Amino acid sequence: MQDLDRLGVTREVLAQMAETPDARLREVMAAAVRHLHDFAREVELTPDEWLAGIAYLTAVGQACTPFRQEFILLSDVLGLSRLVNVMHDADGREAAGTETSLLGPFFREQAPDFALGDSIAVHHRAGEEIVLFGEVLDGAGRPVPHAEMDVWQTNAEGLYDLQARDATVMDMRGRFRADAQGRFHFRTVKPIGYSIPMDGPVGQLVQKQRRHGMRPAHIHILVAAEGYRDLVTALYFADDRNIGSDTVFGVSNSLVVDAATGVPGSPRPDLPGIRYDFRLSRRKEGETGGRVGADPSRVMPAEG
Ligand code: BEZ
Ligand code: FE
């Protein structure tokens with residue numbers, strides 16, 4: 001038995017957890033306890049504040065549904081998702097590999113298949129039609145044949161299909177397969193920037209912090225091919241006013257694009273076009289897909 005002062009309690013907790021057989025769990029939990037205790041000491045956390053924090057995390061959990069992952073949204077607005085992405089990129093992305101970006105909460109498995117050249121704007125066609133084209137390459141610039149590409153974005157009103165009244169209808173998303181030379185092209189309408197979901201505890205926090213809550217206009221793209229790490233990325237439009245202040249920190253300079261007329265090699269010279277080549281990194285031994293983001297099907301138990 002010992003008296004636990006403000007440092008002694010940390011030592012005692014670490015000592016009790018020291019025999020955890022799983023080495024990674026032992027490492028992660030010891031670091032979590034050290035940082036949590038340091039945090040409480042740094043801000044001189046009061047009992048009321050501690051309770052308010054517990055109530056907040058409870059509300060975050062209660063806001064989660066099979067279609068909404070409020071905890072990942074919290075991680076996103078705190079920059080933790082981006083940090084994990086950056087570290088994951090540093091550990092295995094080839095030097096020439098395309099940078100990743102957040103998967104976000106609006107990815108859906110089994111989007112409809114389209115042929116190269118089709119438009120993903122099936123139900124909401126309003127907006128400026130554009131073409132996106134390029135090649136899927138490996139780290140050395142060689143074509144990767146037949147890569148699968150999932151594409152999803154908001155419509156011209158800034159809404160994903162999952163946010164529509166009838167969320168069962170898929171729109172503004174689809175799957176393409178690059179050709180044998182790794183080439184692809186598809187049409188869509190230029191997306192606009194949109195607000196992250198603001199009607200829950202994360203939105204309340206963002207408002208209290210006087211942040212705008214917006215994401216700059218972007219198109220999400222997931223590129224998958226046998227033997228390569230899944231590339232989860234997004235292309236961001238340079239002309240969006242919030243390009244430099246994304247609420248979830250997803251933008252990288254190398255992912256910023258502009259739709260322009262007269263882009264050389266465009267398969268649809270009649271439309272404003274974006275050429276973007278995606279470069280995949282080889283999958284490391286034992287590595288799974290490598291997606292970092294809010295894919296509810298991976299983080300939520302099945303309903304029922
Ligand atoms: C998105 O890009 O879809 C997204 C990412 C993180 C939080 C909210 C939305
Ligand atoms: Fe998005």
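Basis for what follows: all heavy atoms, side chains included, without hydrogens, waters or symmetry-related copies. On a predicted model such as this, the values are computed, not experimentally measured, just so you know. Note that ligands are numbered from 1 as they come in the structure, with each ligand's atoms numbered from 1 the same way.
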Is Arg282 close enough and on-axis enough to Tyr228, meaning under 6.0 Å and within 45°, for cation-pi?
->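 Checked: cation-pi criterion met.
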Is there a path from Leu7 to Val13 through hydrophobic residues (I, L, V, M, F, W, Y) whose side chains come within less than 4.5 Å of each other?
-> no
Vertex the Fe ion (ligand 2), arms to Tyr160 OH and His220 NE2, rounded to 10° =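 Roughly 90°, rounded to 10°.
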Inventory of protein N or O atoms under 3.5 Å from ligand 1 N or O:
from     : atom 1 : to     : atom 2 : distance (Å)
ligand 1 : 2 (O)  : Tyr194 : OH     : 2.7
ligand 1 : 2 (O)  : Arg215 : NH1    : 2.5
ligand 1 : 2 (O)  : His218 : NE2    : 3.1
ligand 1 : 2 (O)  : His220 : NE2    : 2.9
ligand 1 : 3 (O)  : Tyr160 : OH     : 3.3
ligand 1 : 3 (O)  : Tyr194 : OH     : 2.7
ligand 1 : 3 (O)  : His220 : NE2    : 3.2

Looking at His218, the N/O/S atom that lies nearest to the Fe ion (ligand 2) is called NE2
Matching residue for Thr233 among Ser101, Ser252, Ser254 - test: side-chain contact (heavy atoms from CB on, under 4.5 Å) = Ser101
State which residues pass ring pair (Phe, Tyr, Trp, His ring centres under 6.0 Å) with Phe186; sequence neighbours excluded, sorted by chain then number.
-> Phe176
Would you say Arg241 has more than 12 foreign heavy atoms packed within less than 6.0 Å of its CZ?
->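 Not more than 12 within 6.0 Å, no.
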Hey, is there an N, O or S on Thr154 sitting under 2.8 Å from the Fe ion (ligand 2)?
->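 It does not; every qualifying atom lies at 2.8 Å or beyond.
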Quick check, are the ring centers of Tyr194 and His218 under 6.0 angstrom apart?
-> yes
Start with the C-alpha gap between Asp239 and Lys190, add the side-chain angles, then the distance that decides, and say whether salt bridge (charged side-chain N to carboxylate O under 4.0 Å, His left out) holds.
-> CA-CA 11 Å; Asp239 57 1; Lys190 192 174 169 186; 2.6 Å; yes
